[in-house]
Q: 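Sharing a structure here in structure tokens format.
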Amino acid sequence: MKHVPLLCGVALAAFTSCSHKMQKIEYPVAPTSETVDTYFGVEVPDPYRPLENDTAAETLAWVEQERKITNDYLASLPNRDKIKNRLTQLANYPKHGMPSKKKDGRYYFYENDGLKNQSVLYRTDSLDSTPVVFLDPNALSEDGTVALTGTSMSPDGKYMAYTISRSGSDWTEIYVMDVETGQLLDDHIEWAKFTGADWADDGFYYSAYPRPEAGKEFSNANEGHTVYYHKLGTPQSADQIAYAEPENPLYFFSSDVEGDGQYLFITGSGQGLGNSLKVKDRRKPSSQWVTIEPSQNYEIGVVGVKNGKFYILTNYGAPCYRLMVAEASNPSIENWQELIPEGDGVLTSVSFTGSDKMIVTRQKDASDHPSLYNIDGTKIRDIELPTLGSVGFSTSEDNDDVFYSFTSFLYPAAIFSYDTATGESKEYKTTDIKGFNPEDYVTEQVFFPSVDGTQIPMFLTYKKGLKRDGKNPVFLYGYGGFNISLTPGFSAYRLFWLENGGIYAQVNMRGGGEYGEEWHLAGTKMNKQNVFDDFISAAEYLIKEKWTTPDEIVCVGGSNGGLLIGAVVNQRPDLFAVAIPQVGVMDMLRYHLFTIGWNWASDYGTSADSKEMFEYLYDYSPVHNIKNDGTPYPAIMVTTADHDDRVVPAHSFKYATTLQASDTGDKPKIIRIDSKAGHGGGKPVAKVIEEQTDIYSFILNNLPEK
């Protein structure tokens, strides 16, 4: 009997093979220069420097050649159409958002009935009445590449400001519409970034940069973030500067209006591990800015204002965070009073509900555990969730409505209502995916030692009955940075991997926020190698425990996780069969020179900081450490996009062409360059399906046949 590859065994059962031999790929020659940079006396060649100019004719020509090679390769793979069909089937299910009662007394929520490129914003008079479409972002473009990124209603309930992104860019535009008529006002804000619209009186605050140089909108460094106030009915050119620090061009500034419009808070970040905080009383014409905390050494977030008190969630004096209270009349950090102390797990969020209660969520071993509290800091009860997973709440200080969204690896996001008086949760919106039975699968959490003995958690999800015979394909995913936690979450696209017998492994490495600020710091700057060691140790654990073999491990990560994949493949190419570094930070010597890259220095350090920091970065920088001695590398597909102004595509361009020009074995080294797409946010469903189809097709073609 002929055996088919394991990953073709269920949904692709009719297939006889997912792998075939390919002729050696003839890669294009990239534009080069004789550029050599000197760092602390060390000369570092940068032959592919011309690729940093993403609008140059020679770069565009190289991009088109790479696209043709990649498209031809992917189009030739067997079963690609069947893979796409299955992924489309899996993605075609309703996705529900949480209702939120707005100032006009009506409920708003997002919903996608299946394959719409963007979720639609609906409105309903009551939870029992029939909803109507309020704003459909799919109507804003023909191809779904305009994403609705946020909404904010005016205090009187008459107007809705909404933010959009085009083609995945971080650049934001703000529009305003009449809530009753749906008509757009003339107000239109451009070149905003990392902002919403914070209403106050007859206008709103927002943050923006100066108009960028034409042709360099997606690559030049962003400097001079400024908070403006826009008055309705006036042009953007008339907007007033509400806050700026010209002497600190590499800071972000964000506004937050609290206390029924009385207080304007400004946070400053970008050059530290946390943020500064200032406040002004808007109701006093002569009011001056009061500095609550001048440094960016701590995370400080105002979660609400009640009865003349500021409620602040912070890691100041508490690596796992605590809730503090400050008197509005004297809010400086030394006068704060502790309301909810550090406890078991990391205190990740606090939200007010009604006039006198709070929802408090702690994260324990990378999963969420919410509780209900009185406003005086006394705990009422825990909120029970269906299983280990991730939760988000929709609450309001104006009413007692509480909704939460819950998801886990085998639990599509479902919406629950919660009664704060009785503690009862009721299903409000659930999801049923045709052909998916969660009882057919299992998730477990394991802990394994890293190189230095630190215990690292990892979630494993797989089909029940799977044999630990050392032959199972593993999709190994990680991030490990910027205090971001990887908690359980559902992906319909991941079901394709699971239903075909694969294991999904999600590693909670140092550098993330799973165990507080100390865990984060243990994976930053000159501790960054800990992150790579944790990921490598995860692969070694899976091999040692007979889950898999190096010939069956696929390693995947995006952004900072793309850096992770580039680094571990250089350090241990023998551990992985396939690598998918997505939108990764690949040039660690120059990352801080583009768009907002300077913001990552708090995690990475820069090549200009010191000789020691330069040497440390140079030692692991993916583009600078590709072997060229015949060492066989995994099959690698790099992904990036032309509108990625978070991690500019030059990182992936330089990394991919260096791979292609080096002696790293015969396995393919290709780059997938998406068009009208960015770092990943707001990507239309059609593009996501295409990307996932290409990723799975590439993976399956480069795993061994059984």
Side-chain angles (χ1 to χ4, degrees), residues 149-150 152-155 159 161-165 169-176 185-214 216-217 220-272 274-296 300-302 305 310 328 331 595-596 598-599 645:
T149 56
S152 177
M153 186 171 284
S154 62
Y159 304 106
Y162 65 87
T163 56
I164 66 165
S165 164
S169 170
D170 281 336
W171 288 116
T172 294
E173 296 176 51
I174 306 176
Y175 291 86
V176 182
L185 279 63
D186 291 334
D187 305 75
H188 179 210
I189 305 299
E190 296 181 293
W191 306 115
K193 212 170 202 182
F194 311 121
T195 187
D198 293 291
W199 286 91
D201 301 328
D202 55 354
F204 54 82
Y205 296 93
Y206 68 94
S207 303
Y209 283 105
R211 180 181 292 271
E213 177 186 348
K216 299 294 182 182
E217 295 91 345
N220 273 8
N222 298 147
E223 298 183 359
H225 211 216
T226 300
V227 178
Y228 294 90
Y229 182 76
H230 174 77
K231 184 177 180 179
L232 285 186
T234 64
Q236 184 175 0
S237 59
D239 291 353
Q240 300 296 307
I241 294 176
Y243 190 85
E245 291 185 17
E247 69 277 18
N248 291 310
L250 301 185
Y251 283 9
F252 296 121
F253 295 107
S254 299
S255 59
D256 181 24
V257 178
E258 296 283 352
D260 292 326
Q262 180 174 0
Y263 298 103
L264 173 63
F265 293 92
I266 298 291
T267 59
S269 60
Q271 294 292 285
N275 60 273
S276 61
L277 184 63
K278 293 185 177 183
V279 66
K280 177 185 284 189
D281 189 335
R282 299 182 63 257
R283 292 181 182 166
K284 296 179 180 179
S286 60
S287 176
Q288 301 297 310
W289 289 106
V290 175
T291 299
I292 297 176
E293 168 53 33
S295 79
Q296 296 181 16
I300 303 172
V302 177
V305 174
F310 303 157
T595 60
I596 60 154
W598 42 262
N599 176 51
D645 48 2

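Residues take their numbers from the sequence shown, with the count starting at 1.
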Q: Distance check, rounded to the nearest 0.5 Å: L232 atom CG versus F204 atom CZ?
A: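 Here the interatomic distance stands at 6.5 Å.
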Q: About how many Å separate OG1 of T149 and CD1 of I174, when rounded to the nearest 0.5 Å?
A: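 Answer for the CD1-OG1 pair, I174 versus T149, is 8.5 Å.
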Q: How many angstroms lie between OH in Y205 and CZ in R282, if you round to the nearest 0.5 Å?
A: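 Reported to 0.5 Å precision, the distance equals 4.0 Å.
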Q: Looking only at the side chains, is there a donor atom on one of Y243 and K280 sitting less than 3.5 Å from an acceptor on the other?
A: no
Q: Just by distance, do the side chain of W598 and the backbone of N222 share a donor-acceptor pair under 3.5 Å?
A: yes
Q: Do the side chain of Y229 and the main chain of G203 share a donor and acceptor less than 3.5 angstrom apart?
A: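 Checked: pair present.
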Q: Is the shortest side-chain heavy-atom distance between S255 and V227 below 4.5 Å?
A: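 S255 vs V227: side chains touch.
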Q: Quick check for you: to the nearest 0.5 Å, what is the distance between T226 atom OG1 and D239 atom CG?
A: 12.0 Å
Q: Do the side chain of T195 and the main chain of Y206 share a donor and acceptor less than 3.5 angstrom apart?
A: no
Q: Once rounded to the nearest 0.5 Å, what's the spacing between atom CG of L250 and atom OG of S269?
A: 11.5 Å
Q: If we ignore hydrogens and angles and just use 3.5 Å, is the side chain of T163 paired with the main-chain N or O of T172 as donor and acceptor?
A: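 Not a single qualifying donor-acceptor pair exists.
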Q: Check for a donor-acceptor pair, side chain of E293 on one end and backbone N or O of S295 on the other, with a separation under 3.5 Å.
A: yes
Q: Side chains of S254 and S207: is there a donor and an acceptor less than 3.5 Å apart?
A: no
Q: For residues K231 and Q240, determine if any side-chain heavy atom of one lies less than 4.5 Å from a side-chain heavy atom of the other.
A: no
Q: Does the ring centre of H225 sit less than 6.0 Å away from the ring centre of F252?
A: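 Aromatic pair counts; centres sit under 6.0 Å.
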Q: Tell me whether the count of non-hydrogen atoms from other residues, nucleotides or ligands lying under 6.0 Å of CD in E223 goes above 12.
A: yes
Q: How about Q271 and Y251: do any of their side-chain heavy atoms sit closer than 4.5 Å?
A: yes
Q: For a quick check under 3.5 Å, do Q236 and H188 share a side-chain donor-acceptor pair by atom type?
A: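 No.
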Q: Working to the nearest 0.5 Å, report the span between CG of D202 and NE2 of H230.
A: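 Spacing of CG (D202) from NE2 (H230) equals 9.5 Å.
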